[in-house]
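Sequence lines set the chain letters: A, B, ... in the order given, protein chains first and strands last, and positions in each chain run from 1.
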Protein chains: 2
Amino acid sequence: MTRRIPASTIRRLSHYLRSLEDLEASGDETVSSEELALRGQTTAAQVRKDLSHFGSFGKRGLGYRIEELSARLRQILGVDRVWKVALIGAGRIGSALFEYPAFESRGYECVAIIDSDPAKIGTYWSELQIHGPDDLESLLAELGVELVILAVPARAAQEMAERSVRAGIKGILNFAPIRLKVPRHVPVEDVNLVMELEALSFAITQHGSEP
Amino acid sequence: MTRRIPASTIRRLSHYLRSLEDLEASGDETVSSEELALRGQTTAAQVRKDLSHFGSFGKRGLGYRIEELSARLRQILGVDRVWKVALIGAGRIGSALFEYPAFESRGYECVAIIDSDPAKIGTYWSELQIHGPDDLESLLAELGVELVILAVPARAAQEMAERSVRAGIKGILNFAPIRLKVPRHVPVEDVNLVMELEALSFAITQHGSEP
DNA sequence: CGCCGCTTGTGAAATCCTTCACAAGTTAGG
DNA sequence: CCTAACTTGTGAAGGATTTCACAAGCGGCG
Ligand SMILES: NC(=O)c1ccc[n+]([C@@H]2O[C@H](COP(=O)([O-])OP(=O)(O)OC[C@H]3O[C@@H](n4cnc5c(N)ncnc54)[C@H](O)[C@@H]3O)[C@@H](O)[C@H]2O)c1
Ligand SMILES: NC(=O)c1ccc[n+]([C@@H]2O[C@H](COP(=O)([O-])OP(=O)(O)OC[C@H]3O[C@@H](n4cnc5c(N)ncnc54)[C@H](O)[C@@H]3O)[C@@H](O)[C@H]2O)c1
């Protein structure tokens with residue numbers, strides 16, 4: 001039942017989970033694929049197919065038990081536990097991310113901050129002291145860091161990625177606008193603002209010329 | 001020749017454009033689909049197919065003239081001109097974005113900042129005075145704003161989106177973790193950090209259980 | 001208990017996207 | 001001018017994902 005899962009399915013699973021958390025708050029017990037589809041900008045069939053990749057969690061005639069399904073989704077997405085994260089690059093985007101509460105409330109706990117700026121090294125963000133990059137490998141390894149958020153300038157990103165991999169981390173969220181070269185077993189998610197804007201301007205331009 | 005274009009094609013086009021800009025700097029005159037594929041983490045056939053959606057820009061036996069192709073890509077992506085952008089929400093993520101230089105250097109010019117915090121209204125970021133949300137519609141319309149970057153809390157996002165649309169804007173880059181409901185002709189790109197992290201933890205979890 | 005209305009899970013069909021494979025241009029060189 | 005070496009542009013094939021459509025399970029009610 002669990003073969004190769006489309007990336008788009010995973011993104012939708014995240015959506016479903018958020019919808020379920022909203023529903024949980026509002027007291028309902030069950031939800032149908034129809035309702036979930038409505039909130040997720042997709043179709044009921046798609047919801048059922050997405051879920052069917054991982055098993056069958058619903059009851060015919062009734063729908064899905066909200067609590068049960070959200071627990072199951074958390075398990076599938078791997079967010080039924082706390083992930084230890086290191087932030088590399090304590091600049092503008094790094095500080096916005098560090099203070100973003102959704103971060104921690106979703107189970108991503110920042111346990112280390114690393115920056116190369118001598119003016120920042122040694123200072124504290126909340127309880128966390130900012131470290132220089134020299135002892136990156138041992139620091140990450142000792143703390144058991146699994147995820148790295150890379151928010152350094154593009155020219156430093158490849159090196160920091162390689163050193164993080166050497167420290168044994170398991171995945172990278174990369175904000176630098178370059179394609180990182182890392183071993184195949186280390187997943188990388190890229191966040192690229194300029195690309196998002198270009199997708200927008202394309203869509204707008206297209207729209208004007210083709211009604 | 002230009003039918004419905006896959007979203008993935010557009011993302012790759014952005015990549016090609018960045019690669020071409022690198023190549024431009026390094027003096028070469030032409031580039032092959034092979035070379036472009038190498039840099040873009042894709043295949044030569046994919047590059048040619050992507051481009052063929054929009055016409056034929058290469059010379060057989062030779063490849064693509066770098067300058068010409070990058071100009072053409074800029075045209076296709078709609079970045080051969082300056083887009084006027086408004087930033088709504090001058091908080092942590094808003095300020096990181098405002099100071100991000102890639103922004104302006106790629107033709108996205110911030111011409112207005114809007115925030116509801118009385119302590120921020122009236123203050124300046126660089127040359128730009130922060131406005132309150134009261135006169136949002138007239139402000140955006142007068143300035144001819146086409147793109148909005150929405151960086152307000154989730155609960156305020158839908159309202160700000162609707163008012164921006166009423167002001168005549170043409171697209172939204174949305175950082176709030178909700179699905180905006182806007183007219184079909186207004187494209188929205190969502191940036192959702194938590195979803196990216198969940199994709200990572202899924203990939204990692206999966207990897208462990210299925211070698 | 002049996003029927004009804006509802007909703008899931010899932011093969012099969014349809015659609016969308018990528019890869020293949022090759023005819024046809026292009027340049028260089030003899 | 002002819003051939004060799006390259007490289008594009010593109011139908012057709014192949015693969016992946018989405019949509020369709022319906023059998024089958026479930027709860028409620030008479
Ligand atoms: N600011 C944004 O809105 C934004 C948006 C999208 C992407 N990005 C990307 O995110 C990255 C960071 O952007 P920023 O705006 O926060 O830049 P920034 O200059 O504000 O911060 C970068 C930080 O990284 C530190 N640094 C530099 N080299 C380092 C190294 N080798 N090891 C550890 N730390 C190092 C610097 O000291 C600085 O504190 C860049 O790649 C940028 O392109 C930024
Ligand atoms: N901080 C991050 O790293 C991060 C990452 C991803 C997404 N986000 C999302 O981006 C949005 C902003 O996050 P943030 O961390 O910058 O929050 P923030 O609280 O630092 O900033 C939000 C700003 O919006 C202003 N605001 C509130 N209501 C407004 C309204 N109606 N009109 C105009 N301005 C209004 C506030 O005064 C504040 O300045 C949120 O939706 C958040 O979920 C943040």
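A donor-acceptor pair under 3.5 Å is absent between the side-chain atoms of B/Arg92 and the main chain of A/Ser95, judged by distance alone. Using modelled atom types, no side-chain atom of B/His15 and backbone atom of B/Arg11 make a donor-acceptor pair closer than 3.5 Å.
Residues A/Gly61 and B/Lys49 each lie close to DNA chain D; by heavy-atom proximity, the contact nearer the 5' end of the strand is made by B/Lys49.
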Take A/Glu68 and A/Arg72 through the salt bridge (Lys or Arg N to Asp or Glu O under 4.0 Å) test and state the conclusion after the steps.
-> CA-CA 6 Å; A/Glu68 185 190 322; A/Arg72 208 63 190 71; over 6 Å; no
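Regarding B/Leu51, its CG atom lies at a distance of 9 Å from the P atom of D/dT8, rounded to whole Å. One interatomic measurement links the two molecules: CD of A/Glu29 to P of D/dG27, which rounds to 14 Å at whole-angstrom precision. Straight-line distance from the CD atom of B/Glu35 to the C1' atom of D/dT8: 16 Å, rounded to whole Å. Rounded to whole angstrom, the span from the CZ atom of B/Arg72 across to the C1' atom of D/dG9 amounts to 15 Å. If you measure from atom CG of A/Asp50 to atom P of C/dT8, you get 13 Å, rounded to the nearest angstrom. Between the CD1 atom of B/Ile10 and the P atom of C/dC16 there is a distance of 16 Å, rounded to whole Å. We find that CD of B/Gln41 is positioned 16 Å from C1' of C/dT18, with the value rounded to whole Å. Rounded to whole angstrom, the span from the CZ atom of B/Arg4 across to the P atom of C/dT18 amounts to 13 Å.
Nearest to the side-chain atoms of B/Thr9 among the listed nucleotides C/dT18, D/dT19, D/dT10 stands C/dT18. Nearest nucleotide to the B/Ser52 side chain, out of D/dT10, D/dT8, C/dC17: D/dT10. Closest to the side chain of B/Leu62, from the set D/dG9, D/dT17, C/dT27, is C/dT27. Between D/dG9, C/dC20, C/dT27, one nucleotide has an atom nearer to the side chain of B/Ala45 than all others, and that is C/dC20. In this structure, of D/dC26, D/dT18, C/dC17, it is D/dC26 that holds the atom nearest to the side chain of A/Lys59.
Phosphate contact (OP1/OP2 of D/dC26, side-chain N/O of A/Tyr64, threshold under 4.0 Å): absent. At least one side-chain nitrogen or oxygen of B/Thr43 sits closer than 4.0 Å to the OP1 or OP2 atom of C/dT19. In this structure, A/Gln46 does not reach the D/dT17 phosphate: none of its side-chain N or O atoms is under 4.0 Å from OP1 or OP2.
Contacts of B/Thr42 with the nucleic acid, taken as non-hydrogen atoms under 4.0 Å apart, are absent. Contact annotation for B/Ser33: backbone-only contact, meaning every heavy-atom pair under 4.0 Å involves sugar-phosphate atoms and none involves a base.
Note on A/Arg81 versus A/Glu146: salt bridge recorded, some NZ/NE/NH1/NH2 to OD/OE distance being below 4.0 Å.
One cannot find a donor-acceptor pair under 3.5 Å joining the base of C/dT26 and the side-chain atoms of B/Arg60.
Between B/Pro187 and A/Ile204 the shortest heavy-atom distance is CG-CG1, 3.8 Å.
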